[in-house]
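For this chain, numbers begin at 1 and follow the sequence in order. Computation of the quantities below employed the complete heavy-atom set of this structure, encompassing side-chain atoms and omitting hydrogens, waters and symmetry-equivalent molecules.
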Amino acid sequence: MHRYILILIMTVMCAQLLIAETIVARIGDRSYSAEELEKGFLAYLEYKELPNTLSAGDSLSLYTQYFDELVAMYIYNQAIADAELKSSKSELEAFIKKNPPQGVRQIPDLQSNGRFDQKKYEQALRDKPAFKEEVLDFSRDMYNYRKLIDDIRAEVQINEDSLKQDWMKQGQIADAIIIHFDYSRYSDVQADEDEMRALYEEIKDSEYKKSDGRSLRFVRFSGGTSRATAGAEELAQARLDAQSLYQRALQTGLTTAAGEMGFELLESQMFSVSDPFIRGIGREASLIRQAFESPVGTVFEPHQGMMGDILVCEVADSMEQYYQDFQGLVPILQLRAKSLKRSALNQEYVREFIRINKPENYLEAAGRDSIRIINQNDVSLESSFPPIGKVEALNRAILSTPEGEFTSLIEDYGNYYLAKVIRRQSRSQEEWVAERQNVINKALQEAQTAHLDQWYLAEKAKLEIVYPEGVNP
């Protein structure tokens, strides 16, 4: 938010009168009325030369930005007061000379050929003491903000040795021949149910254990019972049947009522309040909400689902903890179990490959076994190339391995890699000397900006802020 603080000084001058109205917002010990915020926002729009006839979305976005800048101004004002920052007249004079206010730039007498003339501005500062004092008074807050920000940024130090090492590493490139042991070559390998169940049991506590579950008993009409047909008369009859079942279920419960009336009774799997759908029923947000608002045994009024079915439901069960049902997870488990099985086979092959072959024979052996071999030039830390993509561990291994040697074995999501480094190239000391200052300046600027952002967020977190209605924190 500090990026906007300088432009905010002018706009808030239009909204400083405190009005005895209901407080609608607060920043620390500073309160705002609705009228005060409205006047300030209109002044903000005027300063930014924006129309006050904006769309609702644009207006809310700008209003949020305006309030964020009020928060930023409060934070910086507090910091300036706490630091007791004071500016000498000579400092201010040097500041206004280099930084003429935007409003001053628009004065016709200070322009030549329609453009601001720095020489005329400096002459006016020398010849017109009253003008100079006005500019000094106006710029004092701006200067203090700039001084505070500069002081905060100056807290950052750069370790030149570490920076140089990182820069040298970033400039490394290498050519390599890569053996890619791709587990997808075992495409004919499938996982059976026993393997899926074994995987399910292994990971269910960490991935499929859920809390606060509900299940529903239900009878489905117009699609799930023998009475349902596509005709209008039959559909009308289904509605009557659903209503009759509901009335009876209120007296006896849905299980007894469905049995007495000859309807098939079904039961959903357990679901949580955050689930997007109920397995066995479908994507029915209103039923999920009702289930968690009602005790076990509650019968719901007939509900027409998204697919047109009419459902009569009853809360069947409530559990503090439960596991997602295995059958509902079969498609996911099948993919994962198959992937793990292929990876295990690939790992076994790679271990045997390394055991029986010497490094000097790796490439020949890989070619004999139809293992993919990739010739890749100019590999860097950030390299990404087909069909591998970006594998950071492989890139690092290539750049740290001497020419003519193989990297250690690299594993990445079930794939394995061995790479022979053919050529390496690094940045030189001469290049560092030539680029040193640019590298330091860029790193320092990035570190200072990050530090200033962190400082601002830390100061903001200390504040008690009541946001106006419609503005989200």
Side-chain angles (χ1 to χ4, degrees), residues 1-50 52 54 58-88 91-92 95-96 99 101-103 134-156 448-473:
M1 305 312 165
H2 55 274
R3 299 181 181 88
Y4 306 108
I5 194 66
L6 298 180
I7 70 170
L8 191 60
I9 297 171
M10 291 180 63
T11 65
V12 297
M13 290 179 177
C14 303
Q16 289 299 310
L17 293 177
L18 289 174
I19 302 167
E21 291 185 1
T22 303
I23 300 304
V24 297
R26 182 177 290 106
I27 304 170
D29 58 6
R30 175 70 163 91
S31 300
Y32 292 88
S33 68
E35 185 174 348
E36 187 178 4
L37 285 177
E38 182 180 359
K39 286 184 177 180
F41 181 54
L42 290 175
Y44 181 77
L45 294 179
E46 183 178 351
Y47 178 79
K48 283 183 166 287
E49 299 181 348
L50 294 169
N52 54 18
L54 298 164
D58 289 341
S59 181
L60 179 58
S61 177
L62 285 166
Y63 187 67
T64 300
Q65 181 176 301
Y66 161 68
F67 191 78
D68 284 343
E69 293 179 16
L70 288 179
V71 173
M73 189 176 69
Y74 182 93
I75 290 172
Y76 283 106
N77 282 340
Q78 287 289 105
I80 288 170
D82 292 344
E84 298 182 350
L85 289 180
K86 295 179 181 179
S87 52
S88 67
E91 288 176 327
L92 266 178
F95 178 74
I96 64 171
N99 302 276
Q102 187 63 34
E134 288 180 2
V135 178
L136 285 171
D137 289 341
F138 176 78
S139 300
R140 186 168 284 104
D141 285 341
M142 286 187 182
Y143 177 74
N144 286 336
Y145 284 125
R146 184 73 64 83
K147 191 173 183 179
L148 173 68
I149 289 172
D150 288 345
D151 287 348
I152 296 170
R153 290 169 64 89
E155 295 172 356
V156 174
Q448 288 175 337
T449 299
H451 177 65
L452 186 58
D453 287 342
Q454 291 170 0
W455 174 88
Y456 175 82
L457 291 174
E459 293 300 310
K460 184 178 179 182
K462 299 175 185 176
L463 286 179
E464 181 181 351
I465 302 175
V466 178
Y467 287 85
E469 185 177 358
V471 175
N472 294 319

>> Tell me whether Glu36 is salt-bridged to Lys39, with the criterion being a basic N under 4.0 Å from an acidic carboxylate O.
In response: no

> Can you check side chain to side chain contact (heavy atoms under 4.5 Å, CB included) on Ile465 and Val71, steps first, answer last?
Replying inline: CA-CA 8 Å; Ile465 302 175; Val71 173; 3.9 Å; yes

>> Show the nearest heavy-atom pair for residues Asp68 and Tyr467, with the distance to one decimal.
In response: OD1-CE2, 4.5 Å

>> With heavy-atom distances below 4.5 Å as the criterion, would you say the side chains of Leu136 and Tyr143 are in contact?
In response: no

> Backbone N or O of Glu91 within a donor-acceptor pair of the Ser88 side chain at under 3.5 Å?
Replying inline: yes

>> List the residues meeting salt bridge (charged side-chain N to carboxylate O under 4.0 Å, His left out) with Arg26, not counting sequence neighbours, and say none if there are none.
In response: none

> Are Tyr44 and Glu69 close enough, and set up right, to give a side chain to side chain contact (heavy atoms under 4.5 Å, CB included), and what steps lead you there?
Replying inline: CA-CA 10 Å; Tyr44 181 77; Glu69 293 179 16; 2.9 Å; yes

> Atom CD of Glu459 and atom CG of Asp82: how far apart are they, to the nearest 0.5 Å?
Replying inline: 8.0 Å

> Could you walk me through whether Asp29 and Tyr74 pass the side-chain hydrogen bond (donor to acceptor under 3.5 Å, both in side chains) check?
Replying inline: CA-CA 10 Å; Asp29 58 6; Tyr74 182 93; 2.8 Å; yes

>> Evaluate Asn77 against Tyr145 for side-chain hydrogen bond (donor to acceptor under 3.5 Å, both in side chains), listing each step before the verdict.
In response: CA-CA 8 Å; Asn77 282 340; Tyr145 284 125; 2.5 Å; yes

>> Just to verify, which of Ile23, Val466, Ile27 counts as forming a side chain to side chain contact (heavy atoms under 4.5 Å, CB included) with Tyr32?
In response: Ile27

> Which pair of non-hydrogen atoms, one from Gly28 and one from Leu463, has the smallest distance, and what is that distance?
Replying inline: CA-CD2, 4.2 Å

For residues 148-155, tabulate all N or O donor-acceptor pairs below 3.5 Å that involve a side-chain atom, not counting sequence neighbours.
{"unit_1": "Arg153", "atom_1": "NH2", "unit_2": "Gln448", "atom_2": "OE1", "d": "2.9"}
{"unit_1": "Glu155", "atom_1": "OE1", "unit_2": "His451", "atom_2": "NE2", "d": "2.7"}

>> Would Lys460 and Ile75 count as a side chain to side chain contact (heavy atoms under 4.5 Å, CB included) here? Give the steps.
In response: CA-CA 7 Å; Lys460 184 178 179 182; Ile75 290 172; 3.8 Å; yes

> Can you name the closest pair of heavy atoms from Ser139 and Leu92 and give their distance?
Replying inline: O-CD2, 4.1 Å

>> If we ignore hydrogens and angles and just use 3.5 Å, is the side chain of Asn99 paired with the main-chain N or O of Phe95 as donor and acceptor?
In response: yes

> Atom CG in Leu37, atom OH in Tyr63: separation rounded to 0.5 Å?
Replying inline: 4.0 Å

> Around Gln78, counting heavy atoms of other residues, nucleotides and ligands shown, do more than 12 lie under 6.0 Å from its CD?
Replying inline: yes

>> As an exercise, state the distance from CD of Gln65 to CZ of Phe41, rounded to the nearest 0.5 Å.
In response: 9.5 Å

>> What I'd like to find out is whether the side chain of Leu42 reaches to under 4.5 Å of the side chain of Glu46, using heavy atoms alone.
In response: no

>> Looking at every heavy atom in both Pro101 and Phe138, which two are closest together, and how far apart are they?
In response: CB-CE2, 3.7 Å

> What distance separates Ser61 OG from Leu54 CG, expressed to the nearest 0.5 Å?
Replying inline: 10.0 Å

